[in-house]
Amino acid sequence: RGESADTEPIVWYGMMPHPYITEVSEGAAAAARDAGVAILKVVGQEWTQDNENANVKALSTKGHKAFSIFPGDPAGANGLFGQLVRNGQYVVAYGAEPNVPTPATFTVATDIHQAATDACEALVRMMGGKGRILNVLETVTDVNTKVRNDAIVAVAERHPDVQIVQTISDMSQVSVAKERIQSALAALGDGVDGIITTGYNPTLAAAAVLTEWHADPEHKRIRFIGIDTGPTVIEAIRNGSIDATVSQNPFGHGYISCTILARMVAGAEPREPYQFINAGHVIITKDNLDTYADEIRAITGRIIAEIDMKYLK
Amino acid sequence: MSKDGKEARALEKRTVITGRTIGLMTAALILFGAIALVSSTFLSSYTMFVLSRQIAFFTLIAMAQAVCLVVGGMNLSVGAIGSMCTVVLGLSLSNAGLDGWIAVPLTLLCGAIAGLANGMLIVKLRIDSFIVTLSMMFIFMGLRSGISGGQPYPVPTSFGIVGQRGFMGIPYVFMVMLAVLAVMSYMYRNTVFGRRMLATGGNADAARLSGINNNNMIIGANVLSGLLAALAAVLWTSELGSAAPETGDSWLIVTFAVAIIGGTGLKGGVISPYGIFMGGIIYTLIRHGLIEMKANPYYMNVYIGVLILLTIAIDRLRERYDER
Amino acid sequence: MSKDGKEARALEKRTVITGRTIGLMTAALILFGAIALVSSTFLSSYTMFVLSRQIAFFTLIAMAQAVCLVVGGMNLSVGAIGSMCTVVLGLSLSNAGLDGWIAVPLTLLCGAIAGLANGMLIVKLRIDSFIVTLSMMFIFMGLRSGISGGQPYPVPTSFGIVGQRGFMGIPYVFMVMLAVLAVMSYMYRNTVFGRRMLATGGNADAARLSGINNNNMIIGANVLSGLLAALAAVLWTSELGSAAPETGDSWLIVTFAVAIIGGTGLKGGVISPYGIFMGGIIYTLIRHGLIEMKANPYYMNVYIGVLILLTIAIDRLRERYDER
Amino acid sequence: MLELHNISKSFPGAKALDGVSVRFEPGEIHALVGENGAGKSTLLKIITGLYQPDSGEIFFNGKPLQFRSYRDSLQAGIDIVHQEIQVIPESTVAESIMINNLTAFGHGGIIVWKRLYAAARAYMNMVDLIIPPDTLVKSLSPAQKRLTQIARALAGQAKVILLDEPTGALTEHESGNLFRVLRGLREQGVTLVFVSHKFEEVFSLCDRATVLRDGRYIGTHPIAELTPGSLIAMMIGRVFTDPHLGKVNVNQERIVMSVDNVTSHGRIHEASFDLHEGEILGFYGLVGAGRSELARVLIGDLPMDAGRLLVNGKAATIRNIGDSLYRYRIGYVTENRKEEGLFLRDTVRTNISVAVWPSLRHWLTRYINHKAEDQVCHDTVRSLSIKTPGLNQTVDNLSGGNQQKISVGKWLAADCDILIIDEPTIGVDVGAKDQIHHLIRDLAQIKRKAVILISSDMPEIIKLANRILVFRGGRIAGEVQDVDNPKKGYPDISADIGKFLR
Ligand SMILES: Nc1ncnc2c1ncn2[C@@H]1O[C@H](COP(=O)(O)OP(=O)(O)OP(=O)(O)O)[C@@H](O)[C@H]1O
Ligand SMILES: Nc1ncnc2c1ncn2[C@@H]1O[C@H](COP(=O)(O)OP(=O)(O)OP(=O)(O)O)[C@@H](O)[C@H]1O
Ligand SMILES: [Mg+2]
Ligand SMILES: [Mg+2]
């Protein structure tokens, strides 16, 4: 296999241009700086395993040694990872955990079940321990959706006065999400006390819908928690149109995964064949708007500090 | 002489509200009535506001598709143009800090230019519009991703007025759409440009042999399509309160579904703007009705598919029945 | 004289490889050479293995589209059928624990039935294939989401052999595709069914008046399309090592791009399986070449769009030049 | 004055025009005649900028013309009525007529329909097209579509009008009307070029005639100096005699098809007749009389709502054309070759063999035998003298007449027992017409088939048929027998037919 001097040892792969991916890539770039290795950053065209396979397979022919990859389809990605590993290349998954067992050596991700549970508990607290929840899921072809839904249902069951009044799904675009959330709100009227969204697009859409909803003084206050951040979401929290969102440490996904790969390329060995690294999450409300970034950075710092004790030898 | 006058009126009448449009109206009314019966919140002003805005939006993007279908082509890049225009709007409002009165015309211009590019490529390279707009879809989508990096642009709150407010419970967006409808309907009935576009779509060879410059008609239709897509993007940005680059990603299939439910022929030469409006209403009501009924979200698409098929099948049966 | 002689022979002989296919071959060769020149890893056996499997996959799904284009229709539900078949395959292998030898025929049958449903609706309701398959796309996609809940199904490792291995550096998948190509090419040249499908697509009225049952041809083409989509889904599942419900989500545009680059007419009546194969090669090489060149990933779609357009434009120019 | 100098034009596999020079004067009706494929349509298309010549020059009133498009030609005052009917289905008749000057009927691009209709009606009256001006073109009969096109050319007020077989779909009445209009235009100094294969028309209407043969200019002569014989000789390069076809030998004993009170709602009312072996049965009637529709009912393409059909004495249920062709061996040659007869973008081979594929299958492998297929095609091409460079030629590239021969040839190849032939010689030159006539005749006489011949060309139907059914308003109005009796003259028979038309 030809390996020219300018072949970067590490490839960081993002699904497609997307705010989450952009933040992760910043983490990857920071890791490259801090570890002093060259990292090739590649971003695909579609959020599908197909597209990822086509692109990564093309890359795998080029003599790179290690890959940091988002598993588009947690089961399907294992096929891709297996091929890379068989080809003698290291793989670290970031952002979501592939189905276990997996050929990848590490996963750096938010514990989505925990994050969804925490978010839903936070929503229940905001609703004062009782009320009706509109559960907004993002896609129907993503296993994480099911994990999140299970977590939310479990929280609702723990609180006798809380019920999920309707679940809506299948909205991988903001426009569709806005339409569906609006429709549900229109259909349920005052029958909703809280909304939880567990995807980026519905969160963006819900922020817009609720901003509009709360602009009408006759409408009752609907509590809300979303996931992921974006300028409009942060702005809506700041001006009180929505209550909270969960930040998933995307910077850390990129930074930690690439740092580990850099060590492995330099010769470090994993302590276990496979480990999950919880990159942590933080609930953002009006109170910690200006400090949440530091909280997340602190989590990342803690993980990096423990790398040699817990993950590598 | 008076006979001609009557005929002229007959033509105008026939083309404003055709039999098909009446059929669609009936379908829309039945849907409306059915939902109103089962839902207590359906007739609330919030619901009406939200739904009419949705209808306006679907109708506009379907028009952007229909104007290309009319000349016998199609525009697969309609959503991509919408996305790109959103980025242009976001850039001008947010990064360049331009005023809306400058940013919006700029965005519309961008849409028109994108449509012009489509049209020029179709006629100059003499390649099917399907292929050209498919390629251009890639290109426009790439441009919007490259320029924006996928990040939405914040827009000033004042920019949200048109998209989020209304007058007497009627959203401004809906009024804009009605105005566009009226103009389009008039254009296809009474202007030389409109009639010629219909002729080109009806039979391009015959149109050419009648001295019509088909190329100009095709270019014109594509510019119009780009313009309408840009307009939809502007209204959508205003409604959302931020310029999201992925704006047009879900448009493509909707535009076809609505335009076709609305009776626009895929073979060209036929359009009914009011029919498309009805198509927008039916499509919106189908989707809203499913949520009202708390349809299993995982099976949602099945119901949507079946209902689209049913609507069109009933419409065709009616038509065949009428022909007797 | 000798020129006339050559022309006369050309007008007399039946050819498997048309002038257009040769043009496409040249384009593919040039692309291949260009990438080989700039990349040191391109000619490695691993690269060839990976790329040829990709080519096989693109070619198969494009064929699934092309067989419908041939009869003058299209199949927008090709990816949705692929998705649904993946779910059926996953269910039979994983939940029902069936053997591959039973699960695969079952999956192919499911694809054929889906195609049959498309075909029956098109001919019975006499609705355009565009509308029917658009609605059916919703329905199939809803079914696969509803049944699977988005959950991929694990499949036994042994099931991965066909998709992941090869013989003498040639993936089994590629061989399957070559076999399919040969059968298709033979069918359209030599069988009554194949040639009648071409006739139906060329001019449905003339075909009807020549005693051809167009409805049967349309149904047949749709069944074939469903079958090919199911086959692609099976191979893809084998390659991926799991039955992922979202399998077909990205197929639609690829099928059109590859089929059209490969010279399949959008108006029906024209197909060249080997041309589609060349289309698959060109499309794969374009995508691979862009990665080889480390093209700015955010603008990737722009380059893909430009290259598709260029390929087709050059092909058309060549054609027009040939006509002189 | 329109002058052509040394015009040449080649297509792949055909030299359509070879150094043609000709002059068309104002105030004359100039006939352009020649066999199928002689280059007449090509010449007219070059004059109007639809094709660019390979070489040569055109002068109009002394100035050189360099048309880049048809619109330039219109602007210069030169218009054309095409051989092939091309319409815009969803537009109104008035609009189609006025399409070149829509802008003249409104302000700033907005149409005033009332004025448009009034103006269009004048031209419609001129060509005797008496229907509401807002009728949609798609609902017109072929003849009405043709009249619409002629009205459009008149409305253009052109100084030169080129008419390429304008009377193709018209009846004598409509043609006669058209000729009056053309003579009027001649008085106004308009230059008229008239292409026709019908000699009666050429001789009664035109002032001079130019003959083309195989793309070459043969000569221009005043009509007065010509006879049909000399004109044909110029066209085909030899002396031509129309042999008398003689009596049709019908086997009265054997009824191959019996039509009993067949009704199709709104189309055909209680049609009954018998068809015998070896018979050529003519269907005559004015445009829209229902002849073609009855044919379509018989082959199962239109529903039969009442009545019975017996084929070879047995009741036949024919649901589609597949049934009629493969079970009952009934064929139908359409009158509308472009839309229904041919696969224009496909090869000559496919077009000829499409209806015989099943029988060409290899006995074992069941795949179409290429050798047998090519044999069938070559035979057909030869027996009909179809002018094509090869079996792979795209049919679109053949001349109108050769296309018509292929449309008929397909059904000859299919070897049906009963063949319904609808307007077999529309746009076919005399030579080819004669060939097709002989083929139809041989079909009945030598191959002992039964033929139904639908034709609006009275001489043709009288020449071939032994019996003629006259149609009016969807009914069989009457029957003229003994048509092939050599003792009966053309005037007698046409008078008999005329009785039933009123
Ligand atoms: N577009 C074309 N491509 C290729 N060949 C063509 C084309 N148009 C005409 N030809 C050829 O040019 C020759 C002249 O055709 P043209 O149509 O001018 O004949 P015509 O005299 O009008 O015959 P007809 O009486 O049958 O209409 C024919 O051999 C024909 O096959
Ligand atoms: N009076 C009429 N006015 C307008 N259209 C008519 C009229 N009568 C029939 N038609 C239409 O004209 C077409 C030709 O009719 P049909 O084929 O039955 O008649 P035909 O006797 O075969 O005449 P043709 O010479 O036109 O073939 C049909 O489509 C029919 O609907
Ligand atoms: Mg001609
Ligand atoms: Mg007829």
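Each chain gets a letter, A, B and so on, in the order the sequences are listed, and its residues count up from 1.
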Quiz item: Checking heavy atoms, do the side chain of B:Y153, its backbone, both or neither come under 4.5 Å from chain A?
Solution: neither
Quiz item: Is chain B contacted by the side chain of A:L188, its backbone, both, or neither, given a heavy-atom distance below 4.5 Å?
Solution: both
Quiz item: Checking heavy atoms, do the side chain of B:F42, its backbone, both or neither come under 4.5 Å from chain A?
Solution: neither
Quiz item: When heavy-atom pairs shorter than 4.5 Å are enumerated against chain A, which of B:M48, B:E239, B:R165, B:R144 gives the highest number?
Solution: B:E239
Quiz prompt | Part of A:D190 within contact of chain B (heavy atom distance under 4.5 Å) | solution = neither
Practice problem: Indicate the atoms forming the closest heavy-atom contact of B:F159 with B:S238, along with that distance. | Solution: O-OG, 2.8 Å
Quiz prompt | Proximity breakdown for B:F58 and chain A, heavy-atom pairs closer than 4.5 Å | solution = side chain
Quiz prompt | Most contacts with chain A, counted as non-hydrogen pairs under 4.5 angstrom, among B:E246, B:Q151, B:M141, B:M300 | solution = B:E246
Quiz item: Does any heavy atom of chain A fall under 4.5 Å from the side chain of B:S250, the backbone, both, or neither of them?
Solution: both
Self-check item: Where B:A28 and B:L285 come nearest, the two heavy atoms and their spacing
Solution: O-CD1, 3.8 Å
Quiz prompt | Residue part contacting chain B, namely of A:V165, when any heavy atom lies under 4.5 Å | solution = both
Quiz item: Which bit of A:Q173 comes within less than 4.5 Å of chain B, counting heavy atoms only: side chain, backbone, both or neither?
Solution: both
Self-check item: Per-residue contact mode, A:S175 against chain B (heavy atom under 4.5 angstrom)
Solution: both
Self-check item: Residue pair A:T198 / A:R148, side-chain donor-acceptor N/O under 3.5 Å
Solution: no
Practice problem: Just say parallel, tilted or perpendicular for the rings of A:W213 and A:H219, cut-offs at 30° and 60°. | Solution: parallel
Self-check item: Among the listed options A:L185, A:V209, A:T211, A:L204, the residue most often paired with chain B at heavy-atom distances under 4.5 Å
Solution: A:L185
Quiz prompt | Closest approach of B:N75 to B:L252 (non-hydrogen atoms, all atoms of both residues) | solution = O-CD1, 4.2 Å
Quiz item: Are side-chain N/O atoms of A:Q166 and A:N135 paired as donor and acceptor at under 3.5 Å?
Solution: no
Practice problem: Tell me, with the steps shown, if A:W12 and A:F70 meet ring-ring contact (aromatic ring centres under 6.0 Å, His included). | Solution: CA-CA 9 Å; A:W12 170 84; A:F70 183 97; over 10 Å; no
Exercise. Could you look at B:Q54 and say if it's the side chain, the backbone, both or neither that has a heavy atom under 4.5 Å from chain A?
Key: side chain
Exercise. Applying side-chain hydrogen bond (donor to acceptor under 3.5 Å, both in side chains) between A:D193 and each of A:R223, A:Q163, A:K220, A:R221, report the one that passes.
Key: A:K220
Self-check item: Portion of B:R53 that has a non-hydrogen atom of chain A nearer than 4.5 angstrom
Solution: side chain
Quiz prompt | Minimal non-hydrogen separation, A:T167 against A:L137, with atom names | solution = CG2-CD1, 3.7 Å
Self-check item: Heavy-atom proximity to chain A below 4.5 Å, by part of B:I35
Solution: neither
Self-check item: Side chains of B:T133 and B:S77, donor plus acceptor under 3.5 Å
Solution: no
Quiz item: Given that the side chain runs from C-beta out, which part of B:N296 has a heavy atom under 4.5 Å from chain A: side chain, backbone, both or neither?
Solution: neither
